[in-house]
Engineer: 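Below you will find the structure I want to go over with you.
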Amino acid sequence: MKIEYGMALWEGIPCLQVSQKRLEEFTPKLWKAQEWLEDLCNKGEVGFMDLPFQDPAYIVELGEKVRDRSQHFVLIGIGGSSLGAETLFHALKGPRHNDHPHRDGPTFHVLDNVDPVKTAEILSSIDPGKTCFCVVSKSGSTAESMANFLVSLELVEKTVGRDKAREQIIFITDPEKGSLRELAREEGYRALEVPPNVGGRFSVLSAVGLFPAAVLGLDVKALLAGAARALEACKTRDPETNPAWVIAGLHYLHNTLEGRSISVMMAYHERLATFTDWYRQLWAESLGKEGKGQTPVKAVGTVDQHSQIQLYNDGPKDKIITFLQVERFARDVRIPPLYQDRPALSYLGGHTLGELLNSELVGTASALAKKGVPSLVVTLPRVDEEVMGKLFMVYEMATALSGYLYGINPFDQPGVEEGKRLTYGLMGREGFQEKGREAREIWEKRRGARVSL
Ligand code: PA5
């Protein structure tokens, strides 16, 4: 994985960019951030940096068993409990996996939202008796995941009976606390662990991402090896080669010195579109606190060139763009040299779609540079398990370090928790009646700001 920024794109272009020199001057602060993070890790308060070194044998073994026995795999979870696995699925299997005539392993579905149409459609497309349901919730109480669990449980029990149903359901949750852990203890559900010191959005390299990866037949060891390698690079004390420092430093400086409050991640490979969803959650939920943070925006090249780029070029100067570039695609398509007498078509012949995609990236980045919009290019040699492991770890490190730079705690999510409590109250959960009243009262007061069609 290579990261480019600064002068290569900027030379000779007058704009308010953060130069390499400025980033170097900023190095002592990045170094302090690094020490702070390593200290938290050494004290056992933060655990995501330990994950690359775990022994995944049990997780892989269980995943392979499920893979052999199941026709369908339904992941129930939301936010940090689903996005990592979904990213791996899309990046390494592709969104058309389920329809593939020679598909190996079960179909893969995610019940994250409680959109009734989505849940009904997914559950009616599978054979419940031949499905593994994996319920992922660290807290064991998130309303969406618990609701989708109950709906699925009733369906499986009706199909195969109570005892068999328990064999088809696997929990991934806190080792001690929460309702899923209690159920696992009391009713014998199988359960894997989310380490207590690993938060949802930092958990993709724990059982939360590794178990679904094993069910999909992915190379879990390569994923962890990639993450371990990236971690090594993220520990070097060099602002030019430490990828987490480059990402954290540039975003922080552009945000605080130039007011660039939006971080766009534009993936020039559709298989990485879900990675930008994962990044969006990680960046937003970790850093959006105490009036600070940057709004992460998802974009896909080249599609969003025809939708967003006008705004990025000529709109408010409030963005920093990250381009995700892939050097070698798993497949490429040659463009045939037809209509050689027509200049609008003939120049394409003999090139490949991959070449065109990457030329569009360079063209777009250059056009933005001319307008003084800062960007950074993250180049991936290919998309495989090892590279995905690197990508996850680099962004987790950059996010954690950014927390220190902003002076906020990147590992909590008080804003999410409050929304959860208000929903519990509205849905009548015991102990949350007061929260329910509060939510109804606020809702009533905002009548004027509602439009009904
Ligand atoms: O990153 C986080 O902590 C959150 O996005 C959680 O993953 C999400 O709210 C789901 O929580 P839980 O795993 O407790 O169901």
Side-chain angles (χ1 to χ4, degrees), residues 40 45-49 51 74-88 110-115 119 133-153 169-184 189 191-212 274-289 293 295-296 298 392-393 395-400 402-403 408-424 427 429 432 435:
L40 286 179
E45 288 174 31
V46 168
F48 78 91
M49 289 158 77
L51 296 175
V74 176
L75 175 75
I76 299 173
I78 195 162
S81 288
S82 65
L83 279 166
E86 212 174 349
T87 298
L88 284 168
V110 178
L111 284 180
D112 48 1
N113 208 341
V114 278
D115 183 317
T119 296
F133 293 85
C134 176
V135 188
V136 188
S137 176
K138 188 176 178 193
S139 62
S141 65
T142 303
E144 295 90 330
S145 309
M146 296 308 104
N148 277 325
F149 162 54
L150 295 173
V151 171
S152 305
L153 177 63
I169 295 171
I170 295 176
F171 296 154
I172 305 182
T173 191
D174 187 275
E176 299 293 333
K177 296 185 295 199
S179 59
L180 291 183
R181 183 55 62 186
E182 283 166 21
L183 282 177
Y189 289 97
L192 296 169
E193 296 183 1
V194 189
N197 60 359
V198 176
R201 56 194 176 276
F202 289 86
S203 70
V204 57
L205 299 170
S206 73
V208 173
L210 300 187
F211 176 65
T274 314
F275 177 79
T276 67
D277 289 322
W278 177 86
Y279 162 74
R280 200 165 54 146
Q281 190 223 359
L282 184 69
W283 205 248
E285 210 165 280
S286 303
L287 305 177
K289 283 160 204 170
T295 303
K298 166 186 184 170
F392 285 129
M393 182 51 76
Y395 271 93
E396 286 177 359
M397 287 295 288
T399 306
S402 300
I408 50 100
N409 176 3
F411 303 112
D412 65 0
Q413 54 284 326
V416 181
E417 303 303 341
E418 180 58 3
K420 285 187 182 184
R421 282 189 290 270
L422 293 166
T423 305
Y424 294 151
M427 294 295 286
R429 181 171 167 183
F432 292 85
K435 284 280 159 202

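Each ligand, and each atom within it, is numbered from 1 in the order the structure gives. All heavy atoms count here, side chains included; hydrogens, waters and symmetry mates do not.
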Engineer: Should you measure from each heavy atom of Gln281, which atoms of ligand 1 turn up under 4.0 Å away?
Structural biologist: 1 (O), 2 (C), 4 (C), 5 (O)
Engineer: Near Arg201, which atoms of ligand 1 are under 4.0 Å from a heavy atom of that residue?
Structural biologist: 1 (O), 2 (C), 3 (O)
Engineer: Between Gly84 and Phe392, which heavy-atom pair has the shortest distance, and what is it?
Structural biologist: O-CZ, 4.1 Å
Engineer: Can you name the closest pair of heavy atoms from Ser137 and Gly140 and give their distance?
Structural biologist: OG-N, 2.9 Å
Engineer: Which ligand 1 atoms does Glu285 reach within 4.0 Å, using its non-hydrogen atoms?
Structural biologist: 1 (O), 2 (C), 3 (O), 4 (C), 5 (O)
Engineer: Report yes if some N/O of Ser145 lies less than 3.5 Å from some N/O of ligand 1; otherwise report no.
Structural biologist: no
Engineer: Please tell me whether Ser139 and Asp174 have a donor and an acceptor in their side chains that are separated by less than 3.5 angstrom.
Structural biologist: no
Engineer: Which ligand 1 atoms, with their elements, are less than 4.0 angstrom from a heavy-atom of Ile78?
Structural biologist: 7 (O), 8 (C), 10 (C)
Engineer: Walk me through whether Phe149 and Phe133 qualify under ring-ring contact (aromatic ring centres under 6.0 Å, His included).
Structural biologist: CA-CA 8 Å; Phe149 162 54; Phe133 293 85; 9.3 Å; no
Engineer: Using the rule given for side chain to side chain donor-acceptor pair (under 3.5 Å), can you reason through Ser203 versus Lys138, listing the C-alpha separation, both sets of side-chain angles and the distance that settles it, and then say yes or no?
Structural biologist: CA-CA 10 Å; Ser203 70; Lys138 188 176 178 193; over 6 Å; no
Engineer: Go through ligand 1 atom by atom and flag the ones less than 4.0 Å from a non-hydrogen atom of Ser137.
Structural biologist: 12 (P), 13 (O), 14 (O), 15 (O)
Engineer: Among all protein heavy atoms, pick the one closest to atom 9 (O) of ligand 1 and tell me residue, atom and distance.
Structural biologist: Lys420 NZ, 3.1 Å
Engineer: Do Tyr279 and Thr399 meet the criterion of a side-chain donor-acceptor pair at a distance under 3.5 Å?
Structural biologist: no
Engineer: So, does Glu144 sit close enough to ligand 1 that a heavy atom of it is under 4.0 Å from the ligand?
Structural biologist: no
Engineer: Quick one: look up the protein heavy atom nearest atom 13 (O) of ligand 1 and list residue, atom name and how far away it is.
Structural biologist: Ser81 OG, 2.6 Å
Engineer: Strictly below 4.0 Å, N to O, side chains only: are Lys435 and Glu418 in salt-bridge contact?
Structural biologist: yes
Engineer: Can you find an N/O atom of Gly80 closer than 3.5 Å to an N/O atom of ligand 1?
Structural biologist: yes
Engineer: Judged on heavy-atom distance to atom 15 (O) of ligand 1, which of Thr142, Asp412, Val194 sits nearest?
Structural biologist: Thr142
Engineer: Measure centre to centre between the rings of Tyr395 and Trp278, then say whether the value is under 6.0 Å.
Structural biologist: no
Engineer: In the protein, which heavy atom is nearest to atom 14 (O) of ligand 1, and how far is it?
Structural biologist: Ser139 OG, 2.7 Å
